[in-house]
S.K.: 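Shown below is the structure under consideration.
Quick caveat: nothing in here was measured; it's all calculated off a predicted structure.
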Amino acid sequence: MAHAVLICSGARVPAARLLDHPLLDRLSIITEHGHTARYPDGVAVETVGSVHDVDEVLAAAWRIAGRHPLDGVLAPYEVGLPAAGYVRTVLGLPGPDFTTATLFTNKHAMKQRLAAAGLPLMPFAGAHSDAQVRARAAEFGWPVVVKPAYGGGSKDVAVVADAAELDAWLAGGGSPRPRNPTAVVERRADILVEYHCDGVVHDGAVRSVVTSRYLEPVLGRIGQGDPYGSYQLPSDHPEHRAVAELHAAAVAALGLRSGVTHLEVFGTPDGLRVSEVACRPGGGAIPAAIQLRSGVDLVDVCVRTSLGLPPFPDGTPAPARTDARYVGHCGLALRPGTITELSTEAELAALPGVLDVVLHQRVGDRIAGHIYSASAAGFVHVGADTEEEVRERLATVRAAYRIRTRPDGTGPDGTGPDGTGPESTRPEGPGAESAAPDSTAPDGTAPDTTDPRPPTPDHAASAAPARPVAEAVAS
């Protein structure tokens, strides 16, 4: 049994399976001020002003290690990875060190290293001021993609069509600043299809790899309020083999020795192009989908490799829970406001090919905060024999799903203070209305602007919830 410290931003509600993992007889938490109530009694919590401050996080880890020696550092979420690498390096703990964690989280450094290794990317450049962002964008020509070097969940990632849109992006939070001093500007890809590739690495070698195809490019869904959906490709599928080769090359280029990976790849008219790669489990229901079909538990692997253990307890993954050739999943869209109507698990489970349904919300939940690409009211997993069939079944789920919300400030009959303004229904699919802007977290603090999180209902605000909003690990 072991003692680990979990580094988690204040905006996060860690999955119960992390807090109660069987390999840990002691778990300590480093989170941000004002968020200790998210954790059960008996869990030791140290707080810092920001988990982005690696020296502050190191000091907290030192205090924890002084009470009970540490065996590992857990950082399954994007925003905690650099600090986790720093703590591991200074305290001599297993897992990705500070250099490796930086290469997997700083998108500019990552792309520089991948390009030097010969991997195919879209043309890109780093920028450290508004003037440099504008200059790089002008060099590439409109439209361009702009993003902070650090971040996850598509937060502050945008396609800008001209100088006016770029100025709006800079003014709206994209501008390089001390906590995130580098922006990445890149030529927009003509994305025909997008893939994610999720792997397990041990002793520098890829021990497991799964390629999945998104139902539509994620970049095209930003701001539309729809969570992504994807389906896994069989190992003999030619697209799997091509993406898996890029995954192995990226792992080698960035120097990961042991851990979990999540790679994003674009299919363009000019061939495959690597987008980004992370050393953490994929977001939303990706880990659950992979475990369902292949038996690989990415969250368990993340814990094991963070403790310096082999990724699989018996040398191989557990058996898969389905023999379906194709397994797909899709998120169920959220709407800001109070939920007044929501599809039930039984209704969704009765649809063709459904293997599993997990709902994170219920009628009466009030949804506030930023809605990210991995935010969802729940997830539905389907199985199929062919690629066409899995896509059809996921489309059926999206079409059948329903959610109705009452905007904040309206009465129980769906009217506003002046008697107007009916409840609104959130349709699935393209053309759906956009998500609400950022708001404060339930405890009154501003949400973490780089760490994606499921919006939190009011009933979960005061303490660690008995039924967390999302059990999945998000990006």
S.K.: Do R88 side-chain atoms and P96 backbone N/O form a donor-acceptor pair below 3.5 Å?
M.R.: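 Yes; judged by distance alone, with no hydrogens or angles, the pair exists.
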
S.K.: Side chains of S258 and D203, heavy atoms from C-beta outward: is any pair under 4.5 Å?
M.R.: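 Side-chain contact under 4.5 Å: no.
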
S.K.: Are the side chain of K147 and the backbone N or O of G174 linked by a donor-acceptor pair below 3.5 Å?
M.R.: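 Between the backbone of G174 and the side chain of K147 there is no qualifying donor-acceptor contact (under 3.5 Å).
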
S.K.: Does the side chain to side chain donor-acceptor pair (under 3.5 Å) test come out yes or no for T100 and D97, once each step is laid out?
M.R.: CA-CA 5 Å; T100 304; D97 62 14; 2.9 Å; yes

S.K.: When you measure from the side chain of T338 to the backbone N and O of G364, does any donor-acceptor pair fall under 3.5 Å?
M.R.: no

S.K.: Side chain of T340, backbone of R404: donor and acceptor closer than 3.5 Å?
M.R.: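 Checking the backbone N and O of R404 against the side chain of T340, a donor-acceptor pair under 3.5 Å is found.
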
S.K.: Would you say the side-chain atoms of H262 and D198 include a donor-acceptor pair closer than 3.5 Å?
M.R.: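 On atom types as modelled, these side chains qualify, holding a pair under 3.5 Å.
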
S.K.: Report yes if some heavy atom in the side chain of V303 is under 4.5 Å from a heavy atom in the side chain of L307; otherwise report no.
M.R.: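 Contact flag for V303/L307 side chains = yes.
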
S.K.: Could you grab the distance from atom CD of Q361 to atom CZ of R335, nearest 0.5 Å is fine?
M.R.: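 Nearest 0.5 Å value for the CD-CZ distance: 14.0 Å.
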
S.K.: I need the single residue from H247, R213, E264, E239 that forms a side chain to side chain donor-acceptor pair (under 3.5 Å) with Y195. Which is it?
M.R.: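 The option that passes is E239.
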
S.K.: Just by distance, do the side chain of D167 and the backbone of A164 share a donor-acceptor pair under 3.5 Å?
M.R.: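 Side chain of D167 to backbone of A164: no pair is present.
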
S.K.: To the nearest 0.5 Å, how far apart are CD1 in I191 and CD in E216?
M.R.: 12.0 Å

S.K.: Kindly determine whether R280 and F104 satisfy side chain to side chain contact (heavy atoms under 4.5 Å, CB included), including the steps that lead there.
M.R.: CA-CA 9 Å; R280 54 159 177 78; F104 274 90; over 6 Å; no

S.K.: Mark yes or no: R12 above the aromatic ring of Y77, with NZ or CZ under 6.0 Å from the six-membered ring centre and no more than 45 degrees from the axis.
M.R.: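 Yes; both conditions hold, so R12 lies above the ring face of Y77.
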
S.K.: Are the side chains of H3 and P69 in contact, using a 4.5 Å heavy-atom criterion?
M.R.: no

S.K.: Give a yes-or-no answer on whether the side chains of T182 and H128 include a donor-acceptor pair shorter than 3.5 Å.
M.R.: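 Short answer, yes.
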
S.K.: Do you know the tightest heavy-atom contact between L74 and S306?
M.R.: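 So the two residues come closest at CD2-CB, 3.6 Å.
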
S.K.: Could you tell me whether the side chain of C197 reaches within less than 4.5 Å of the side chain of V210, counting heavy atoms only?
M.R.: no

S.K.: Pick one: which of Y231, Y214, Y228 meets ring-ring contact (aromatic ring centres under 6.0 Å, His included) with H329?
M.R.: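 One option only clears the test, and that one is Y228.
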
S.K.: Would you tell me whether S175 and D130 have side-chain atoms, one donor and one acceptor, within less than 3.5 Å of each other?
M.R.: yes

S.K.: Looking only at heavy atoms, what is the nearest atom pair of G72 and L93, with distance?
M.R.: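 So the minimum-distance heavy-atom pair works out to N-CD2, 4.3 Å.
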
S.K.: Taking all atoms of both residues into account, what is the closest heavy-atom pair of C8 and V51, and its distance?
M.R.: O-CG1, 3.8 Å

S.K.: Specify the closest pair of heavy atoms between G259 and T305, including all atoms of both residues, with the distance to one decimal.
M.R.: CA-OG1, 3.6 Å

S.K.: Can you check whether Y39 reaches P14 side chain to side chain, under 4.5 Å on heavy atoms?
M.R.: yes

S.K.: Tell me, please, which residues at least two apart from D297 pass salt bridge (charged side-chain N to carboxylate O under 4.0 Å, His left out).
M.R.: R17

S.K.: Are E186 and R136 within salt-bridge range, i.e. N to O under 4.0 Å?
M.R.: no

S.K.: Between Y86 and L58, does a side chain to side chain contact (heavy atoms under 4.5 Å, CB included) hold up when you go through it step by step?
M.R.: CA-CA 7 Å; Y86 190 59; L58 175 62; 3.8 Å; yes

S.K.: Could you tell me whether a side-chain N or O of W169 sits under 3.5 Å from a main-chain N or O of D156, the two making a donor and an acceptor?
M.R.: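 Yes; judged by distance alone, with no hydrogens or angles, the pair exists.
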
S.K.: Does E194 reach the main-chain N or O of P217 with its side chain, forming a donor-acceptor pair under 3.5 Å?
M.R.: no

S.K.: For the CG atom of D190 and the CE atom of M122, what is their distance to the nearest 0.5 Å?
M.R.: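 Between atom CG of D190 and atom CE of M122 there are 8.5 Å.
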
S.K.: What I want to check is whether the side chains of H52 and N180 have a donor and an acceptor closer together than 3.5 Å.
M.R.: no

S.K.: Which pair of non-hydrogen atoms, one from P287 and one from V299, has the smallest distance, and what is that distance?
M.R.: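 So the two residues come closest at CB-CG2, 4.2 Å.
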
S.K.: A side-chain contact here means heavy atoms from C-beta on lying under 4.5 Å apart; do V251 and T261 qualify?
M.R.: yes

S.K.: Given the rule in the side chain to side chain contact (heavy atoms under 4.5 Å, CB included) test, do L170 and V133 qualify, once you have shown the distances and angles that lead to the verdict?
M.R.: CA-CA 9 Å; L170 291 168; V133 172; 4.1 Å; yes

S.K.: Does M110 reach the side chain of V277, with side-chain heavy atoms less than 4.5 Å apart?
M.R.: yes

S.K.: Can you tell me how far CD1 of I339 sits from CD1 of I403, rounded to the nearest 0.5 angstrom?
M.R.: 4.0 Å

S.K.: Could you go through E139 and R134, starting from their C-alpha distance and side-chain angles, then the distance that decides it, and tell me whether this counts as salt bridge (Lys or Arg N to Asp or Glu O under 4.0 Å)?
M.R.: CA-CA 9 Å; E139 289 172 8; R134 294 187 182 99; over 6 Å; no

S.K.: Counting only heavy atoms not in R207 (residues, nucleotides, ligands), do more than 12 fall under 6.0 Å from its CZ?
M.R.: yes

S.K.: Under the side chain to side chain contact (heavy atoms under 4.5 Å, CB included) criterion, do L23 and L309 qualify, and how do the steps go?
M.R.: CA-CA 10 Å; L23 283 176; L309 300 173; 3.9 Å; yes

S.K.: I29 and side-chain contact (heavy atoms from CB on, under 4.5 Å): which single residue from V5, I7, L6, I64 fits?
M.R.: L6

S.K.: Is any side-chain heavy atom of R273 less than 4.5 Å from a side-chain heavy atom of D270?
M.R.: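 When only atoms from C-beta onward are counted, D270 and R273 do touch, with a gap below 4.5 Å.
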
S.K.: Is R188 atom CZ crowded by more than 12 heavy atoms from other residues, nucleotides or ligands, each under 6.0 Å away?
M.R.: no

S.K.: Output the distance between atom NE2 (H33) and atom OG1 (T47), rounded to the nearest 0.5 Å.
M.R.: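 The NE2 atom of H33 sits 4.5 Å away from the OG1 atom of T47.
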
S.K.: Within this structure, what is the CD-CG distance for the pair E276 and L121, rounded to the nearest 0.5 Å?
M.R.: 10.0 Å

S.K.: What closest approach, in Å, do P82 and T105 show between heavy atoms, and which atom pair accounts for it?
M.R.: CG-OG1, 3.6 Å

